[in-house]
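Taking it in order: structure first as structure tokens, then the write-up.
Protein chains get the first letters and strands the later ones, always in sequence-line order, with residue 1 at the start of each.
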There are 2 protein chains.
Amino acid sequence: MNWDSLKVFLSIARCGSLSGAATDLEVNHSTIFRRLNAFETEIGGQLFERVNNRYELTTLGHELLDLAQNIENSFDGINRHIVGKDIQPKGLVKITAPNNIAYRYLPRYITNFNLHYPDIQIELLVSNQEFNMSNRQADIAVRSTSSPAEHLIGRQVCTLNWSVFASKAYEDKFGLPNNIDELAKHVLIGATGGMCRLPAFIWQDKHFADQVITRCDDLTAMSYFVESGQGLAFLPDDQSRPELIKLFAIQDSQPSNIWLLTHPDLRNVERIKLVMQYLTKAFSDEWAC
Amino acid sequence: MNWDSLKVFLSIARCGSLSGAATDLEVNHSTIFRRLNAFETEIGGQLFERVNNRYELTTLGHELLDLAQNIENSFDGINRHIVGKDIQPKGLVKITAPNNIAYRYLPRYITNFNLHYPDIQIELLVSNQEFNMSNRQADIAVRSTSSPAEHLIGRQVCTLNWSVFASKAYEDKFGLPNNIDELAKHVLIGATGGMCRLPAFIWQDKHFADQVITRCDDLTAMSYFVESGQGLAFLPDDQSRPELIKLFAIQDSQPSNIWLLTHPDLRNVERIKLVMQYLTKAFSDEWAC
DNA sequence: AAGCAATATTGCAAATATGCAATATTTAGG
DNA sequence: CCTAAATATTGCATATTTGCAATATTGCTT
């Protein structure tokens, strides 16, 4: 049974004529005529009596009218509650990001995002460890590598240049190098743990491993070592602060890329799509490079 | 809004895939695909998210599902109402019955019935599952319970006594119990699935659950387990066969009753009334008890 | 009773929806 | 990890539905 037939039936019952129903439903008279006939044939009974040039309901028609009106009310309910209501996507989205990004950029971005989508709740997992994405410890990962894990999908949102940073305290103790080769005569903060895999530190360990006096696994902590005069450090430019002195760029190691990644299964989940889109735009606006 | 769109929506929601819905509605996949897209555009919101290659309802979709199911129920009601008006002694009657009854009695009864009413076409749906009577998957159900579903009407056609059955193969292995208490020292075939609700098996699970070695959801299959010597089984007496040894009746659990049921809306449909009457007589003639 | 006006019915052309078949995409089993 | 099966998606030909316009019917007015 074609459910639309009931609309035609209701309209004829109310107007008492095919032409009235046609106007009501904004279709041609002949359509109404043919659809009523088809419907009556289908159910095997007359719904209307053609008397006095009017369509009057038969007994069966009257019974059907009651039932049909209920259905119509239900459809009205759909129109009121569903159509155009554009229900806000909601739910939880878990983002994991390394400290520097998590501290410096994401809070601002997320606050802004929630102005647009207040019902999407964001959970920010700050960690330099790579969270397991396949068992959904996190939905979205912001990661800084030169090439991302192959089973994840996403986009590179920006390129991060690295520089050598110093501080007033360091300068007072040891002076400053003028170029990258002079690092051989200076003291460095190095990486350990997962951070060793970053291109800048691979390069550092290859050329200046002996200069490293202290190692840590957190870029921000590293920047505080610099501030306190413990040594020079290789840091991405986004770690710049007034207390630090940016000396010169590290050309020789390939730059890090910031990737925004998610699991393929989640690609089409609306709330995750929205967050991905927003963050992509936010990052690229910030680093218009 | 096209009211038929809801049919498509409901079907996708239930199947979780476009192809499933297409099979269900007997149209092409691409039709489903396009109608869903059109519908989502029309109401201005996503109804499904594609996760893990499945169509999962969004928040909006869930809200619509509630409303849509009500509407579907109303349409089912209309269908029954219309069919209920049919007073001609011809047409299709769908009967659902559990395997044992369907194999053993109904073919004979139906053949006989059709000698008298060749214009009433019978469709026999053999299943131990309970078919949905509200949407007319079946017109008449033969069911074996102690008390039938409350929204259906009909009559109890006979009482079925249950007995413990064994076989030669079993006797050779374990000997036979002399009374019901000795079952504690024997091995039983038990019920699973919907059949657990039969009084005999409720009682069995209460007193001899530990003796059950194998379970299945089909009485005939159970009787073959008995035949092969796998264990003893509780079976209704109509499962008697020369290969089985009927030991003693189960007095303590209330007997099953065979009910012949139909939907109240179909009560006055002539062809259904005729089938009901004939089957009632056939059953009570067979079991003059 | 004749003519008028409103409504109903039918043939044919245009618009729309559907199925088919080819191409992606995804999943599950080896 | 790769292949085969299942599922989605798209373009194009076909089938169905609809609108238009011409014709028929009904009821009302004069």
Exercise. Rounded to the Å, how far apart are A:N28 CG and D:dT16 C1'?
Worked result: 16 Å
For this session: Provide, to the nearest angstrom, the distance between the CG atom belonging to B:L25 and the C1' atom belonging to C:dT18.
Result: 14 Å
For this session: Select base, sugar-phosphate, or nothing to describe what B:R34 touches, counting heavy atoms under 4.0 Å on all strands.
Result: base
For this session: Please determine, for the side chain of B:S30, which listed nucleotide (C:dT7, D:dT10, D:dG19) has the closest atom?
Result: D:dT10
For this session: Figure out the CG/C1' separation between B:N37 and C:dT18, and round it to whole Å.
Result: 15 Å
Exercise. Tell me: NE2 of B:H29 to C1' of C:dT23, nearest whole Å?
Worked result: 15 Å
Exercise. Looking at D:dG19, C:dG19, D:dA8, which one has an atom nearest to any side-chain atom of A:T31?
Worked result: D:dG19
Seminar exercise, completed: Picking from C:dT7, D:dA8, C:dT18, the nucleotide nearest the side-chain atoms of B:R35 would be C:dT18
Problem set entry | Over 12 non-hydrogen atoms of neighbours within 6.0 angstrom of CG in A:L115 | yes
For this session: Assign the ring pair A:Y278 / A:H116 to parallel, tilted or perpendicular, where the plane angle (0 to 90°) is split at 30° and 60°.
Result: tilted
Problem set entry | Length of the line joining B:E56:CD and D:dA8:P, which is rounded to integer Å | 12 Å
Exercise. Using the ring of each side chain (for Trp, its six-membered ring), is A:F75 parallel, tilted or perpendicular to B:W3, with breaks at 30° and 60°?
Worked result: parallel
For this session: For the side chain of A:L18, starting at C-beta, report the closest nucleotide among C:dT7, D:dA8, C:dT9.
Result: C:dT9
